[in-house]
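Working notes, beginning with the structure itself.
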Amino acid sequence: MDKRKIIVTSALPYANGALHLGHLVEYLQTDFWVRYQRMMGNDCVYVCADDTHGTPIMIRARKEGITPEALINRSYRARVREFDAFEMGFDLYGSTNCDENRALSESIYLKLKEKGLISRRSVDQLYCDSCGMFLPGRFVKGTCPKCGAKDQYGDGCEVCNATYNAGELLEPYCAVCGGKPSMRQSEQLFFELEPFRAFLREWLSAHTDAATAGKLLEWFNEPLRGWNISRDKPYFGFAIPGEKDKFFYVWLDAPVGYMATLERWAKARGQTLQDWWQDPKAEIYHFIGKDIVRFHCLFWPALLENAGWRTPTQVFVHGFLQVNGEKMSKSKGTFISAATYLKHLPAQSLRFYYACKLNGSVDDMDLNLQDFVGRVNSDLVGKITNLASRGAQMINKSCGGRLGAMDAESRALLTECRAQLSEVLEAYERRDFCRAMVIVREWADRANQLFDAKMPWKLVKEDVEATRAVLTGTLNLFRLMAIVLKPVLPVYAAKVETLFGEAPYAFADAARDVEGTPIGAYEHLAARIDPKAVEAMVEASKESLKTASKTLAEKDIKKGIRQLATKPAEVAFPEPLAETIGIEDFAKVDLRVASVLAAEAVEGSDKLLRLTLDVGEARPRTVFAGIRKSYAPEALVGQQVVMVANLAPRKMRFGVSEGMVVASTDPDGSFRVMQPLTPTAPGARLH
RNA sequence: GGAUCAGUAGCUCAGUGGUCAGAGCAGGGGACUCAUAAUCCCUUGGUCGGUGGUUCAAGCCCACCCUGAUCCA
């Protein structure tokens, strides 16, 4: 059979920001697939790189007082260490900030320009004078033009989910310096997509999954918008040849980074980029998340096609990671960085769990932490690894550490399992890793059943050779599982290779019986997960957030102390202390935590806000609060407050108020609504 | 607001319109002791999100609704 020639990439992680478990959904599944291809004997090269350009990196470097280059170098080293720890098998992990990428980006652009595919258009953009730069959407904040929520980013409102352009924001301000930006015109370069409508329509249906293609085809109902590929200075990136002070937009040189990294890898072995990318026999696959399909399935193929490069064979799109059925959350400690995970848990546990859950679809994947512990402990350790543990240790202890010939039943079972091997390999090929894991687990169940039925721990007292035969069978079955698991658990498989004294496994080795050879000393292959380690990891993920907010608080505390020192005279309460009461008086006041579901200004009143509060009851309550001068309604939605829940309902001109929100009054007469320090179940009572 | 995907046992998920809706884990009971308190046997769990419809037959097809996730360049 002919060897396939395969190029595989994962999306380039942005160099500003830590890797987290969501990123790993992509890198790990790509790695599984690549290792599977290599074990099939195919020529499979896997490249990836740090995505290093763009405004966020430039600004971060500016804030830290270092050059962008220093920033990306630091990020690169950390990234590579983490990938290594997760057993990633890149052929080359590069950086988009390299000469090859500059040359390729330029040549692709010049080719497009030569063909007349680059147009110029004047664009209105917000410009911050004090920062001296145009502001991308994420760097402008202001009031949402749709719902009036304050402090929303320039690309969309997190309160009402509206999307808009930064220019539409009311009262915009620069997210970096807080200054007021002005609208400026600037000429930008566009790569027009509309001429390639027919090409893209056809390309989409053939080179990605139906869901993704369908999603993107929605845009084909109207003219396809051009893609702005240029950015004004200052910008950290590649200068556009023939232009003054213009740079390639980071999303242009990022995918080109796939090619540039491949080129560097090819050069190192005396080949060229063309030997791979342009080889008609070579297959090109991109693994990406569903958030960046438009770059990979519209811009990228159109760019390549027109610049004279082959377009990808297929774009494999996956969903996002949820943790415990919800979006990853920093406050809940489920926004877990790769580094934090590694401090508490072994990498291979996550690799195994992800493999158990990934099925090649675009659906989001759930990391249920309880399920995670269960899967690893029960399936990987209890069922699969236990076979090696009980088999190898007994054969070393009682049978002189040497395999014999398998007994008939083991041989029969092994033959049956091998018959399913092609099914496992097909599952790997279509990235249905969970199917492969299910089959391996079934093998482990049957092997454990056979082992128990044979009772070698009793048999060994009567017949050592018969025992040797049973254990040889058990270990051959286990070996088959280890071979099949190797794409997922490469380090684990390497230990099994050592145990059997064999060369690195390929799938072809699955056909061979191992009989009559010595068995090495058994060493632990996989550790059980202590649920406490998972708890600690979640706590640590909360910690990092706490320290962040604490540093702010500390500043304020110090400031407060300084002020006290300068003004020691004013120590009296702003308002006289009320008369002393007993605990029974306090108990009469029923204070509850409430979540603000909705808030709106009351028409006809300049003081009141109408709040809809969830107090944990079947029906939300309506409460009127006279805090309008201190709070915009939007600022309260989603927050928690404290309310007096047993206050007699009071009829007001605007409706009935079913309680009272607790707030303090500042010396200047403004209000401060009280809220719990950490999110609390609505309806919780204060004592 | 528009759209896409999802909703099946306590948890994670299977389930080409056709017998009584399945698996693993967790839970309960028993067996065993070689093995990382691992393994083996038996077993309790379900208005298949809701309502209507199509059909001899619906978890599956259609409509509407609810909930969640995501996208709107």
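Each chain gets a letter, A, B and so on, in the order its sequence line appears, and its residues count up from 1.
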Over how many whole Å does the gap from [X] atom [atom1] to [N] atom [atom2] extend?
| X | N | atom1 | atom2 | value |
| --- | --- | --- | --- | --- |
| A:F320 | B:A6 | CZ | C1' | 15 Å |
| A:I395 | B:A35 | CD1 | P | 14 Å |
| A:Q322 | B:G7 | CD | C1' | 12 Å |
| A:K454 | B:A31 | NZ | P | 25 Å |
| A:D363 | B:U8 | CG | P | 13 Å |
| A:F295 | B:C71 | CZ | P | 13 Å |
| A:N324 | B:C11 | CG | P | 12 Å |
| A:F478 | B:A35 | CZ | P | 16 Å |

Review point. Between A:N386 and A:S389, is a side chain to side chain donor-acceptor pair (under 3.5 Å) present by the stated rule, with each step listed?
Key: CA-CA 5 Å; A:N386 188 38; A:S389 180; 4.7 Å; no
Taking the [atom1] atom in each of [N] and [M], what is the distance between them to the nearest angstrom?
| N | M | atom1 | result |
| --- | --- | --- | --- |
| B:G10 | B:G45 | C1' | 9 Å |
| B:A63 | B:U54 | C1' | 11 Å |
| B:U70 | B:C13 | P | 16 Å |
| B:G46 | B:A14 | C1' | 15 Å |
| B:C62 | B:G18 | P | 15 Å |
| B:U16 | B:G29 | C1' | 39 Å |
| B:U8 | B:C42 | P | 28 Å |
| B:A35 | B:A23 | P | 32 Å |

Review point. Regarding A:R138 and the six-membered ring of A:Y153, is the cationic atom NZ or CZ under 6.0 Å from the ring centre and inside 45° of its axis?
Key: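 Yes, a cation-pi geometry holds between A:R138 and A:Y153.
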Looking only at side-chain atoms of [X], point me to the closest of [options].
| X | options | answer |
| --- | --- | --- |
| A:Y522 | B:A3, B:G24, B:U36 | B:U36 |
| A:D371 | B:A35, B:C11, B:C40 | B:C11 |
| A:F299 | B:C25, B:C13, B:A73 | B:A73 |
| A:K215 | B:U70, B:U36, B:U4 | B:U4 |
| A:K397 | B:A73, B:U39, B:C34 | B:C34 |
| A:R390 | B:U12, B:A23, B:A35 | B:A35 |
| A:D379 | B:C25, B:C72, B:C40 | B:C25 |
| A:W219 | B:U36, B:A73, B:C32 | B:A73 |
| A:R441 | B:C25, B:A23, B:U33 | B:A23 |
| A:L224 | B:A73, B:C13, B:C11 | B:A73 |

**Study point:** Expected output: side-chain A:T385 to main-chain A:A526 donor-acceptor under 3.5 Å
**Key:**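 Not confirmed, A:T385 side chain does not pair with A:A526 backbone.
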Practice item. Please confirm whether A:H524 and A:Y492 have ring centers closer than 6.0 angstrom. Key: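 No, ring centres 6.0 Å or more apart.
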Review point. What do you reckon, are the aromatic ring centroids of A:H318 and A:F287 less than 6.0 Å apart?
Key: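 Judged by ring-centre distance (under 6.0 Å), A:H318 and A:F287 do not meet the cut-off.
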How is [X] classified with respect to the nucleic acid when contacts are heavy atoms under 4.0 Å: base, sugar-phosphate, or nothing?
| X | answer |
| --- | --- |
| A:D366 | sugar-phosphate |
| A:N386 | base |
| A:R294 | sugar-phosphate |
| A:L216 | nothing |
| A:A527 | nothing |
| A:Q370 | nothing |
| A:N359 | sugar-phosphate |
| A:T385 | base |
| A:R375 | base |

Check your understanding: Knowing that exactly one of A:W251, A:Y249, A:W227 qualifies, which makes a ring pair (Phe, Tyr, Trp, His ring centres under 6.0 Å) with A:F299?
Key ->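 Going through the options one by one, the only one that passes is A:W227.
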G-U wobble or Watson-Crick pairing nucleotide for [N] (cut-off 3.5 Å, both distances):
| N | value |
| --- | --- |
| B:C40 | B:G30 |
| B:A3 | B:U70 |
| B:U51 | B:A63 |
| B:C13 | B:G22 |

Exercise for review: Check whether any side-chain nitrogen or oxygen of A:K383 sits under 4.0 Å from OP1 or OP2 of B:U39, and answer yes or no.
Suggested key: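 No, because none of the side-chain N or O atoms of A:K383 sits under 4.0 Å from OP1 or OP2 of B:U39.
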Practice item. Between A:W457 and A:D452, just flag the one whose closest nucleotide in RNA chain B comes earlier from the 5' side. Key: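 Nearest-nucleotide comparison on RNA chain B picks A:W457.
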Exercise for review: Let me know, please, whether A:Q393 or A:E222 comes out on the 5' side of the other along RNA chain B by nearest nucleotide.
Suggested key: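 Looking at RNA chain B, the more 5' nearest nucleotide goes with A:Q393.
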Point to revise | Between CG on residue A:L345 and OH on residue A:Y353, distance to nearest 0.5 Å | key: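 It is 13.0 Å, given to the nearest 0.5 Å.
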Practice item. Mind checking the OG1-NZ spacing from A:T467 to A:K458? Nearest 0.5 Å is all I need. Key: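 That separation rounds to 13.0 Å.
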Exercise for review: Determine the sole option in A:V123, A:L117, A:I118 for which the side chain to side chain contact (heavy atoms under 4.5 Å, CB included) test with A:F190 is passed.
Suggested key: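 Among A:V123, A:L117, A:I118, the one that satisfies the side chain to side chain contact (heavy atoms under 4.5 Å, CB included) with A:F190 is A:V123.
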Review point. Which glycosidic conformation, syn or anti, is assigned to B:G59 if syn requires a torsion within 90° of zero?
Key: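 With its glycosidic angle more than 90° from zero, B:G59 counts as anti.
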